[in-house]
There are 2 protein chains.
Amino acid sequence: MNIGDVAARSGLPAKTIRYYEEIGLIRPLRSDNGYRAFRDSDLHKLAFIGRARGLGFSIEECRKLLALYDDRQRASSDVKALAEAHLTQIAEKIVELRAMEATLKALVSACAGDDRPDCPILTGLAEAGECCG
Amino acid sequence: MNIGDVAARSGLPAKTIRYYEEIGLIRPLRSDNGYRAFRDSDLHKLAFIGRARGLGFSIEECRKLLALYDDRQRASSDVKALAEAHLTQIAEKIVELRAMEATLKALVSACAGDDRPDCPILTGLAEAGECCG
DNA sequence: CTAGTCCTTCCCGTAACAGGAAGGTCAAGG
DNA sequence: CCTTGACCTTCCTGTTACGGGAAGGACTAG
């Protein structure tokens, strides 16, 4: 398979696939003409990475997940620990975003949104409120 | 005020303040010795930016907010529109994170997390589930 | 033989800074 | 006067995960 096929089948852009090779996530073979020659195993890895990325794992986390995936001697506890750590980060991000959302919603709802200059959003940002810690 | 004072009072790192000057968010004066000389108005702007950043506004959004803040002829509707657009982005991000969280939680709870290699998290990532769109 | 599509590498740009090097400035102390 | 230390300056590199685009080789269809 050439990179175009793999891109279509994995849903990842060719650029991204080249990048993943560059950083050593995958190691496709090369044809005589210099084209990358992807095996099914490469495609599977790319799909794996794509799904892990879709769950918000960083590239380095994906690298660890791939290593665990390749390691038949792994302990599932290692995988679970990685996933739980990531879950914690997701939860923290959600908390942070909800705090922003709550504060901003309050400011927005207090703003008339007409053609006059008075704006609680701007004064809220200008004054040291309790808003943002 | 020197940059150290402003950093302490605004809560922003000196590096960040220099960066904000570099991209034109603030324009502090200069003393004869070459040191930046901050006025109260600079400090206020930095505090404003800091709070806007704390609410998740991008630098460019902060730039627009600052422009609106400086413009006594502004319409509050312009500010509100900016804030509402940002609120929408926050909401979308939360939805995305919650979807990740739900999927990952399901995988994690299905994983024994012991010393054996069998791991639903890895197989879930390896197989084309309905998990990630 | 040519047009069009695919592939290659290489280099720059993104957001919002952080870290650190090399060197100038200033206030205090001996 | 000299030094020490804390402050300030600019400049350069690195971060994350790619995207855009140039310059040029490879392959396929007509």
Side-chain angles (χ1 to χ4, degrees), chain A residues 1-39 42-43 45-46 48-66 86 89-90 93 96-97 100 132, chain B residues 1-39 42-43 45-46 48-66 86 89-90 93 96-97 100 132:
Chain A
M1 280 180 291
N2 284 346
I3 201 169
D5 306 314
V6 182
R9 293 200 207 183
S10 68
L12 297 173
K15 277 275 188 185
T16 298
I17 296 171
R18 291 197 193 95
Y19 174 67
Y20 289 169
E21 181 192 19
E22 187 188 331
I23 64 173
L25 277 188
I26 53 169
R27 306 192 179 281
L29 303 174
R30 292 288 175 145
S31 303
D32 291 342
N33 57 14
Y35 290 13
R36 288 170 183 82
F38 295 86
R39 291 152 293 187
D42 296 315
L43 178 55
K45 280 195 180 188
L46 286 170
F48 182 100
I49 298 168
R51 280 187 282 269
R53 295 283 298 133
L55 289 179
F57 286 100
S58 73
I59 293 289
E60 288 314 309
E61 286 169 331
C62 288
R63 195 190 298 278
K64 290 178 189 169
L65 286 170
L66 266 183
H86 182 51
Q89 290 190 0
I90 290 176
K93 199 93 183 178
E96 191 187 346
L97 285 171
M100 290 178 185
C132 343
Chain B
M1 281 179 290
N2 283 346
I3 200 169
D5 306 314
V6 182
R9 293 200 207 183
S10 69
L12 297 172
K15 276 275 187 186
T16 298
I17 296 172
R18 291 197 194 95
Y19 174 67
Y20 288 169
E21 181 192 19
E22 187 188 331
I23 63 174
L25 276 188
I26 53 169
R27 306 193 179 281
L29 303 174
R30 292 288 175 146
S31 304
D32 291 343
N33 58 13
Y35 289 14
R36 287 170 183 82
F38 295 87
R39 291 153 293 187
D42 295 316
L43 178 56
K45 281 194 179 188
L46 286 170
F48 182 99
I49 298 168
R51 279 187 282 268
R53 294 284 297 135
L55 289 180
F57 286 100
S58 73
I59 292 289
E60 288 315 308
E61 286 168 333
C62 289
R63 195 190 298 279
K64 290 177 189 169
L65 286 171
L66 266 184
H86 183 51
Q89 290 190 0
I90 290 177
K93 199 95 183 177
E96 190 187 347
L97 285 171
M100 290 179 185
C132 342

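Chain A is the first sequence line, chain B the second, and so forth, proteins listed ahead of strands; every chain is numbered from 1.
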Next item on the list: Before accepting this row, confirm whether a basic side-chain N of the pair B:Asp42/B:Arg39 lies closer than 4.0 Å to the acidic partner's carboxylate O.
Entry: yes

Notebook entry, point to check: Can you check the A:Ile23 CD1 to D:dG19 P distance for me, whole Å?
Noted result: 12 Å

Notebook entry, point to check: Do the side-chain N or O atoms of A:Arg36 get closer than 4.0 angstrom to the phosphate oxygens (OP1, OP2) of C:dC7?
Noted result: no

Polar atoms only, N or O, under 3.5 Å: list the protein pairs with nucleotides 26-28 of chain D and their distances.
{"from": "D:dA26", "atom 1": "O4'", "to": "A:Tyr35", "atom 2": "OH", "distance (Å)": "3.3"}
{"from": "D:dC27", "atom 1": "OP1", "to": "A:Asn33", "atom 2": "ND2", "distance (Å)": "3.1"}

Checklist line | A:Gly4 or B:Pro13, whichever maps to the more 5' nucleotide of DNA chain C | finding: A:Gly4

Notebook entry, point to check: Is the shortest side-chain N/O distance from B:Arg63 to OP1 or OP2 of C:dA15 below 4.0 Å?
Noted result: no

Margin query: Rounding to an integer number of Å, can you tell me how far B:Glu22 CD sits from D:dT10 P?
Written below: 10 Å

Notebook entry, point to check: Looking at the side chain of A:Ile59, which of C:dG20, D:dC18, C:dA16 is the nearest nucleotide?
Noted result: D:dC18

Checklist line | B:Val6 to B:Leu43 - nearest heavy-atom pair and separation | finding: CG1-CD1, 3.9 Å

Next item on the list: Kindly say if A:Arg53 contacts the phosphate of D:dC18, meaning a side-chain N or O under 4.0 Å from OP1 or OP2.
Entry: yes

Next item on the list: Taking all heavy atoms of A:Leu55 and all of A:Ile90, pick out the closest pair and write down the distance.
Entry: O-CD1, 4.0 Å

Next item on the list: Mind calculating the distance between CD (A:Glu21) and C1' (C:dC7) to the nearest angstrom?
Entry: 13 Å

Checklist line | Presence of A:Arg30 side-chain N/O under 4.0 Å of C:dT9 phosphate oxygens OP1/OP2 | finding: yes

Next item on the list: Take the protein atom CG of A:Asp5 and the nucleotide atom P of C:dC7, then report the distance between them rounded to whole Å.
Entry: 7 Å

Note to self: Tell me the closest heavy-atom pair linking A:Ser10 and A:Ile17, and the distance in Å.
What the structure shows: OG-CD1, 4.1 Å

Notebook entry, point to check: Of the nucleotides D:dT9, C:dT9, D:dC18, which one has an atom closest to the side chain of A:Tyr19?
Noted result: D:dC18

Item checked: Whole angstrom value for the distance that separates C1' of C:dC11 from CZ of A:Arg18 -> 14 Å

Margin query: Without decimals, in angstroms, what is the distance between A:Phe57 CZ and D:dT16 C1'?
Written below: 17 Å

Next item on the list: Report the nucleotide, chosen from D:dT9, C:dA16, C:dC7, that has the shortest atom-to-atom distance to any side-chain atom of A:Asn2.
Entry: C:dC7

Next item on the list: To the nearest Å, give me how far apart CG (A:Leu29) and P (C:dT8) are.
Entry: 13 Å

Check: Once you round it to whole Å, what is the distance between P of D:dC7 and CZ of B:Phe38?
Finding: 15 Å

Next item on the list: Taking A:His86 for its side chain and A:Glu61 for its backbone only, find out whether a donor-acceptor pair lies under 3.5 Å.
Entry: no

Next item on the list: Check for a donor-acceptor pair, side chain of A:Asn2 on one end and backbone N or O of A:Gly4 on the other, with a separation under 3.5 Å.
Entry: no

Notebook entry, point to check: Under 4.0 Å: is that the gap between some side-chain N or O of B:Tyr20 and OP1 or OP2 of C:dC17?
Noted result: yes

Item checked: Note: A:Glu22-A:Arg36 ion pair, threshold 4.0 Å (strictly below) -> no

Margin query: Both B:Ile3 and B:Lys15 contact DNA chain D. Which one's nearest nucleotide lies toward the 5' end?
Written below: B:Ile3

Check: So, is A:Thr16 near the phosphate of D:dG19, with a side-chain N or O under 4.0 Å from OP1 or OP2?
Finding: yes

Next item on the list: Grab the two heavy atoms, one from B:Ala14 and one from B:Ala7, that are nearest each other, plus how far apart they are.
Entry: N-CB, 4.0 Å

